Amino acid sequence: MKGVIFNILEELVEQRCGMQAWNNILSELGNAGIYTAGKSYPDEDLMVLVGAVSAKLEMPDSEVIGMFGEYMFSQLADRYPIFIEQENTLRGFLKSVDEVIHVEVRKLYENPNLPSFNCIDTDDQTLLMEYRSPRQLCILAEGLIRGAAQHYKTTITLEHPRCMHKGHDHCDLIIRFQA
Amino acid sequence: MSQDIAYQEAYRREKKARREAEQLLEDKSRELFKLNNELLNTNNRLKEQQSLMLRNEKLATLGTLSAGIAHEINNPLAFVLSNMESLRRYINSYNALLKLNRQWQEQQNLSPSLSDQLQTLLDEQDLIFIQEDTEELLTDTEEGLIRLRDIVQNLRHFSHSQGSERVKADLAAGLNSTLKILQSELNDSIAVNCMIDSLPLVECNPGELNQVFLNLLINAKQALEYNQNPQIFISATSQDDVIIIRIKDNGSGMDEQVCKKIFDPFFTTKPVGQGTGMGLSIVYGIIKDHNGTINVKSAQGKGTCFEISLPIAGTS
């Protein structure tokens, strides 16, 4: 997982609970907490941190991950505006994500856990995103999509009928755009 | 307290500076990654082009060599074959003589001393055996010469020194008729999927092009021998001023080393005596002669795809 994701989690915790809370989480986990955007770190580290954050906030993991996803989008948009500027619409942006991930993750390290998004234009109002990833972070993807919708000021409804957590080989994320 | 505020300010400043540094790193590494990918692609394309060029040069040299050898062998072969015909006629005359002698001997038309003399000569020279063996020797020799003639013919096909006649023909019809010829061989076990568009007429030698289709389809069939779900895909379509024909199988495929040699005359992966190694050389020669190109893509265990492109407007 890219270091920037850890940085954003740190910011989220600092914003919600203060600097001391993040320091406490790190010291409880015996984690030095040094993460830089230029590097990738083990996925487990992030999951352990998310677990600790959920415990602190007294929220289930999935809810924290969803919230984190939404927050993450705004932070990523702030840091890497180029990807947002390239696309004028939410649909266009969502369809560009797969390509962006591949370049952004692989530019520094080969990563076998790369997620993939296969986009299918079901109709004018609907986009189907098939999410595949050994990490099974579909809830994070959901949060990111909600964050993107907010950024593009587009109202959407999001359905998630097929899910890897329910034994399917991939997740179907169905995004309906409201006119 | 003011110390705390000072630290906080410094922390924010540092954080901002770090973000800038990280952003720079990310942007630069993205640029590098993209440039590197472009370079890798260009390099791969260059390598492909280079190996194609080498292949074409090698085949052109082999073509010249084959044409020369075919021509040089053809002349002596022609008179040897013609002499063989005369020789057979002559031998028949000698056999008639021998038969007459034997007849006289048996009917006791000869004096005992002449008959004995004749018998001694027959025994000494083993003439009865010679008579039988000559027949066999002549037959074998003729067979050998006919094989030689076929090889020379194949070499001439490969080096496209035939100067064939051109007519306007429908390649879709050619493909379909070739498939019909192979129907009994293919239909039982192999699923053949065709996507043959109606094609504009092409100035070509349809007989030769049918041979191309036949050779490629036979190869596909042979590659599918041990396949559980054997399939052949045939597609033909016209794009701008070329016709593109693909013959693809999901058979055994070839490795890179084999792929490089398949158009070489006499190259075969079959056991000795089972293949002439001329099938694809002839295919290459015919396509070249039609100003077309033929390329092959293959992956071991996955299958092979031959792609032929032929110019629609005159090929001479």
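To find a chain, count down the sequence lines: A is the first, B the second, and so on, and within it residues start at 1. Treat the numbers as computed from the prediction; the structure is a model and nothing was measured.
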Q: Might you confirm whether atom CG of B/L46 has over 12 heavy atoms from other residues, nucleotides or ligands at distances under 6.0 Å?
A: yes
Q: Carefully, step by step, assess B/F33 and A/E104 under the rule side-chain contact (heavy atoms from CB on, under 4.5 Å).
A: CA-CA 9 Å; B/F33 179 77; A/E104 290 309 301; over 6 Å; no
Q) Hey, is NZ on B/K58 packed in by over 12 heavy atoms from elsewhere, all under 6.0 Å? A) yes
Q: Answer yes or no: is there an ion pair linking A/D78 with B/R19, defined by an N-O contact shorter than 4.0 Å?
A: yes
Q | pair A/V4-B/E22: side-chain heavy atoms closer than 4.5 Å | A | no
Q. What do you reckon, is CD of A/E99 surrounded by more than 12 foreign heavy atoms closer than 6.0 Å?
A. no
Q | A/R16, CZ: over 12 other non-hydrogen atoms inside 6.0 angstrom | A | no
Q | Salt bridge present between B/E20 and A/R79 (N-O < 4.0 angstrom) | A | no
Q.
Can you tell me which portion of A/K39 sits under 4.5 Å from chain B's heavy atoms? Options are side chain, backbone, both or neither.
A. neither
(Q) Other residues, nucleotides and ligands only: do more than 12 of their heavy atoms fall within 6.0 Å of NZ on A/K2? (A) yes
Q. Which atoms of B/E26 come close to chain A, meaning under 4.5 Å heavy atom to heavy atom: side chain ones, backbone ones, both, or neither?
A. both
Q: Take atom NZ of B/K302 as the centre, draw a 6.0 Å sphere, and report whether it contains more than 12 heavy atoms from other residues, nucleotides or ligands.
A: no
Q.
Taking A/K107 first and then B/E31, would you say they form a salt bridge - that is, a charged N and a carboxylate O separated by under 4.0 Å?
A. no
